[in-house]
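Convention: sequence-line order gives letters A, B, ...; per-chain numbering from 1.
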Amino acid sequence: MALPAKYNAQTTEEKWYNYWMNNNYFHSEIDDREPYTIVIPPPNVTGVLHMGHMLNNTIQDILIRRARLLGKNACWVPGTDHASIATEAKVVAKLKAEGINKEDLTREEFLKHAWEWTHKHGGIILEQLKKLGASCDWQRTKFTMDPEMSASVIKVFVDLYNKGFIYRGYRMVNWDPQAKTTLSDEEVIYKEQQGNLYYINYKIADSDKTLTIATTRPETILGDTAICINPNDERFRHLKGKRAIVPICNREIPIIEDEYVDVDFGTGCLKVTPAHDENDKMLGDKHNLEVIDIFNDDATLNSFGLHYEGKDRFTVRKEIVEELKQNGVLEKIESHLNKIGTSERTGAVIEPKLSDQWFLKMKDLAQPALDAVLNKEVNLVPEKFVNTYRHWMENVRDWNVSRQLWWGQQIPAYFYGDGKEDFVVAETIEEALKLAQEKTNNKNLTTTDLNQDPDALDTWFSSWLWPISVFNGILEPNNPEINYYYPTNDLVTAPEILFFWVARMIIAGYEYRGEKPFTNVYLTGIVRDKQRRKMSKSLGNSPDPIELMNKYGADGVRVGMLLSSPAGNDLMFDEDLCKQGSGFVNKIWNAYRLINGWTVSKTKQATETDKIAIQWYQNKFQKALAEIDDYFNKYRISDALMTSYKLLWDDFCSWFLEMVKPPFGEPIAQETFTNVIAILENNLKVLHPFIPFITEEIWQHIKTRDANEALIIASMPQKTAFDNKLIKEFEFASQVISGIRTIRKEKNISFKNAINLSVINIENASTQFDTVIKKLGNIDELTYTKEKLEGALTFRVKSNEYFVPVSGAINVEEEITKLEEELKYTEGFLKSVQGKLKNERFVNNAPENVVANERKKEADAQSKIKILKARIKGLR
RNA sequence: GGGCGCAUAGCUCAGUUGGUUCAGAGCACUUGGUUUACACCCAAGGGGUCGGGGGUUCGAAUCCCUCUGCGCCCACCA
């Protein structure tokens, strides 16, 4: 059947994706085979595909398709994350645009809007992944707020509370004044910012003296409840036991002493604001200081802000500096570089704030997860992340799991009174009531007396269960699915979420399954542009993946993504790489067009060239297969692709096909053709994980197979031993062919003109590739001789000398110069080898085989020099 | 401030436990080639003091020290 000259990626890719889907090839069910499981890092439900997803999911699809071809029961579970803060922010913004304030809605009303939004915009990203070719088991698609997923989260919260791991604490937390919620430490991004250090004079009570403090946040002086000095600081001995007066509000505060204060920083006097700084809180607790919170939830000042009440903190900073200046208490302003925390989601500057929140004790839970990585039950790839992981786990801090949001799992804590301890934790309100009745000894308590904590749980508190909950392993810990598919095999994700997610999944795995959640964690790099900038929406430097796939085909983009992304290293994305990818697809297409165009003869015998070519390629293929296998074991996917790429392009197309290609107009022997097809099929299998569409297209086009089996579910070629000697001999022959080509080029001898070739075979090179040399070099007669051929062009491969007799004079001077250059090089080489051998310490200390090798090199060089000298002499 | 990592060709990167004249790949570049699959092609080439300096060793891109320049993670200096 004739093939179109141009491969149409668009229509072909859509065709085969539908075919795979219709035949249910992505779906996995429990059977006798060994399972191979990957759970997708669930993207935000309302997100759209970006280049990071492309890289990530390309790798996952390669792994899953390869496992499928290797005969495993491959199961790739897809799904999405409710992304509480990000999604809620989007919904709030959308409502605002419609003139609706979240504050004016009830929780139920707001959630209705949120679900509408989710249903409208959710899952787009999963559809986009299909275009990439992702062979996920879509029947298993999960969402972190599916009923049983949420129920798992609630069950785990209650369980951890009952085990004493979860507690409620009044603590300094990271407050995002824009989203009006707390954040975990990991959600705070520190940025360097050029700010100022303000020096402010405080009056000392009952004295006309002052003291000067330095602060970066002058607006917080209204919340000051002490001044702290170092007890060892001689300069401030006179301040001991005194009191100071806060400017503007004229409040009298104590001067306390603590060695925490750095004598060398600022003025050595520290103002203490326990409500708005973690260290100040520590000092406050230690010295029993009053706590004055001066901010509202949106970081405007409250009534403690006096005449600044209602104004934003940054506005107040400017205005208060003015006022201090006018009052003459502003000593000076210095420029100061400091780090400020910002919200990962909203970008707002974080305000440390004291509030009641829920925390998870991490220390004990983290231990098995730390051990698992250290003793390699769980492998991090690349390994350098082990150190980072260990450091974090050894210093892990308690996890603030509550968020002042509505979108997410509501915390199953029920309050029945105003006291700090007047609450119970239970999976349902009925159970809560029972517990509350017991706790209060009040049988008259009803559900209307119970108020559920309005806060929702951190998104990561649901996603840390992902590898378990997608198989319903929390609610039904003994169901067959979880027992079969868990632990999963590989996790492919970005290093940015190593702590957010990966570490916590390992923790949850050990706590709830007593077992690791996955064996290998492959951490991909960050996708950057050519200027090394991280690709992001705000910079506008990220190409649209869908457009890329429209332009280069999904196969082309997959290859493009991989061509330069070793694990853990950032990937400098360059659209040209996709072009190279589609070029590769085109190359395969054309190779098949060639083969498909041959006429096959049942009577014609396979030629000697055919036979040796097939024998060589089969060995070469096995060698490549072993290499590819090794690369996959090391998660060096790009290298595995490059090996497959060169195998197809160089070995298969440039060498093999050229060898077996029948002369123009002639048919190919049936036997040879059958072998060519088998070899092509093996290549398609190897390439399928990388470029699934073009390979399936060609596979399906070949009509010679027995069963109507799809490539996606075929079996990888069996690995066998290979003859490395044969491969080496071919390399030698290919160098002879290169030599002929060079001569042709230098002397302007067209390939169409056949030439003769004579050889003095000192290396005793094998003759089995002679017909190949004749065919690819267009050699008429290939003869072996003992005598050099005068007046012929010459070249050498190792120590063999090749002669091409030509009519017309050769340039003797040119020949001599060439020979002399080679002689000089060889003599230099010999000298360096002999230098080594003359060195007694080398001969005595180096291993025997190394010395023997040097001796062989010496002998080879000596004989080569002899030949070269004779040759030069002959020419003169 | 603490910890980890990187520096090899114009670009992106390989280079196992020191041992072939070990300096390599892909892309890019130069030159030549198209009636017979592919110019998204074929062939032949050029190109690096392995960041600087010192040391260990018979021998260093590889091990040690140091300097320089980057990157990442963690951390409560107002």
Checking all strands, does A:Val843 fall into the base, sugar-phosphate, or nothing category for heavy-atom contacts under 4.0 angstrom?
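The answer is nothing, as A:Val843 stays clear of every strand by at least 4.0 Å.
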
Quote, to the nearest angstrom, the [atom1] distance that separates [N] from [M].
{"N": "B:G15", "M": "B:A25", "atom1": "C1'", "answer": "10 Å"}
{"N": "B:A9", "M": "B:U62", "atom1": "P", "answer": "15 Å"}
{"N": "B:A7", "M": "B:G51", "atom1": "P", "answer": "8 Å"}
{"N": "B:C70", "M": "B:U30", "atom1": "P", "answer": "33 Å"}
{"N": "B:G1", "M": "B:C67", "atom1": "P", "answer": "14 Å"}
{"N": "B:G10", "M": "B:G52", "atom1": "P", "answer": "14 Å"}
{"N": "B:U16", "M": "B:C63", "atom1": "P", "answer": "8 Å"}
{"N": "B:G19", "M": "B:C72", "atom1": "P", "answer": "33 Å"}

Using Watson-Crick or G-U wobble geometry with both distances under 3.5 Å, which nucleotide pairs with [N]?
{"N": "B:C11", "result": "B:G26"}
{"N": "B:G69", "result": "B:C6"}
{"N": "B:U17", "result": "none"}
{"N": "B:A61", "result": "none"}

Ignoring hydrogens and geometry beyond distance, is a side-chain donor-acceptor pair present between A:Glu187 and A:Ser184 at under 3.5 Å?
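A donor-acceptor contact under 3.5 Å links the two side chains.
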
Among [options], which nucleotide sits nearest the side chain of [X]?
{"X": "A:Asp262", "options": "B:C77, B:A25, B:C58", "answer": "B:C77"}
{"X": "A:His391", "options": "B:G2, B:G32, B:G19", "answer": "B:G2"}
{"X": "A:Cys653", "options": "B:A25, B:A78, B:A37", "answer": "B:A37"}
{"X": "A:Met642", "options": "B:A37, B:A78, B:A25", "answer": "B:A25"}
{"X": "A:Lys745", "options": "B:C58, B:C38, B:G32", "answer": "B:G32"}
{"X": "A:Arg593", "options": "B:G45, B:A37, B:U21", "answer": "B:A37"}
{"X": "A:Asn586", "options": "B:A75, B:C40, B:A37", "answer": "B:C40"}
{"X": "A:Phe499", "options": "B:C73, B:C76, B:G26", "answer": "B:C73"}
{"X": "A:Phe265", "options": "B:A78, B:C42, B:C40", "answer": "B:A78"}
{"X": "A:Lys6", "options": "B:C58, B:A78, B:C40", "answer": "B:C40"}

Residue from A:Glu575, A:Lys579, A:Arg558 passing side chain to side chain donor-acceptor pair (under 3.5 Å) with A:Tyr552:
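The passing option is A:Glu575.
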
Run through A:Asn279, A:Asp224, A:Thr215, A:Thr225 and flag the one making a side chain to side chain donor-acceptor pair (under 3.5 Å) with A:Thr273.
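Checked A:Asn279, A:Asp224, A:Thr215, A:Thr225 against A:Thr273; only one passes side chain to side chain donor-acceptor pair (under 3.5 Å): A:Asp224.
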
Test salt bridge (charged side-chain N to carboxylate O under 4.0 Å, His left out) on A:Glu219 and A:Arg313 and set out the steps.
CA-CA 7 Å; A:Glu219 70 277 15; A:Arg313 54 191 162 157; over 6 Å; no

I need the [atom1]-[atom2] distance between [X] and [N], as an integer number of Å.
{"X": "A:Arg796", "N": "B:U21", "atom1": "CZ", "atom2": "P", "value": "20 Å"}
{"X": "A:Ile743", "N": "B:G32", "atom1": "CD1", "atom2": "P", "value": "19 Å"}
{"X": "A:Met282", "N": "B:C76", "atom1": "CE", "atom2": "P", "value": "11 Å"}
{"X": "A:Phe573", "N": "B:U12", "atom1": "CZ", "atom2": "C1'", "value": "14 Å"}
{"X": "A:Asp277", "N": "B:A78", "atom1": "CG", "atom2": "C1'", "value": "7 Å"}
{"X": "A:Met572", "N": "B:G71", "atom1": "CE", "atom2": "C1'", "value": "11 Å"}
{"X": "A:Leu648", "N": "B:C40", "atom1": "CG", "atom2": "P", "value": "18 Å"}

Taking the inter-plane angle between the rings of A:Tyr7 and A:Trp589 on a 0 to 90° scale, is it parallel (under 30°), tilted (30 to 60°) or perpendicular (over 60°)?
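If you compare the ring of A:Tyr7 with that of A:Trp589, the planes turn out tilted.
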
Looking at B:A37, does its base get a donor-acceptor pair with the side chain of A:Glu658 below 3.5 Å?
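Result: at least one qualifying N/O pair found.
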
Spell out yes or no: do the side chain of A:Lys587 and the base of B:C38 have one donor N/O and one acceptor N/O closer than 3.5 Å?
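Such a pair is found, so the answer is yes.
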
When you measure from the side-chain N and O atoms of [X] to the phosphate of [N], is any distance below 4.0 Å, counting only OP1 and OP2?
{"X": "A:Lys752", "N": "B:U35", "value": "yes"}
{"X": "A:Arg636", "N": "B:U16", "value": "no"}
{"X": "A:Trp649", "N": "B:G26", "value": "no"}
{"X": "A:Arg397", "N": "B:C76", "value": "yes"}
{"X": "A:Ser738", "N": "B:A44", "value": "yes"}
{"X": "A:Lys384", "N": "B:G3", "value": "no"}

Does B:U21 count as syn, meaning its glycosidic angle lies within 90° of 0, or as anti?
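B:U21: syn.
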
Distance in Å, A:His276 NE2 paired with A:Ile292 CD1, rounded so as to fall on 0.5 Å steps:
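Result: 9.0 Å between the selected atoms.
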
Looking at A:Asp277 and A:Lys281, is there a salt bridge between them, counting it only when a charged N and a carboxylate O are closer than 4.0 Å?
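No.
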
Of A:Gly583 and A:Ser654, whose nearest nucleotide on RNA chain B comes first from the 5' end?
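That would be A:Gly583.
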
Mapping A:Arg217 and A:Tyr631 onto RNA chain B by nearest heavy atom, which one lands closer to the 5' end?
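Closer to the 5' end of RNA chain B: A:Tyr631.
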
Where is the tightest heavy-atom contact between A:Ile628 and A:Ala640, given as atom of each residue plus distance?
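Reported closest heavy-atom pair: CG1-O, 3.9 Å.
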
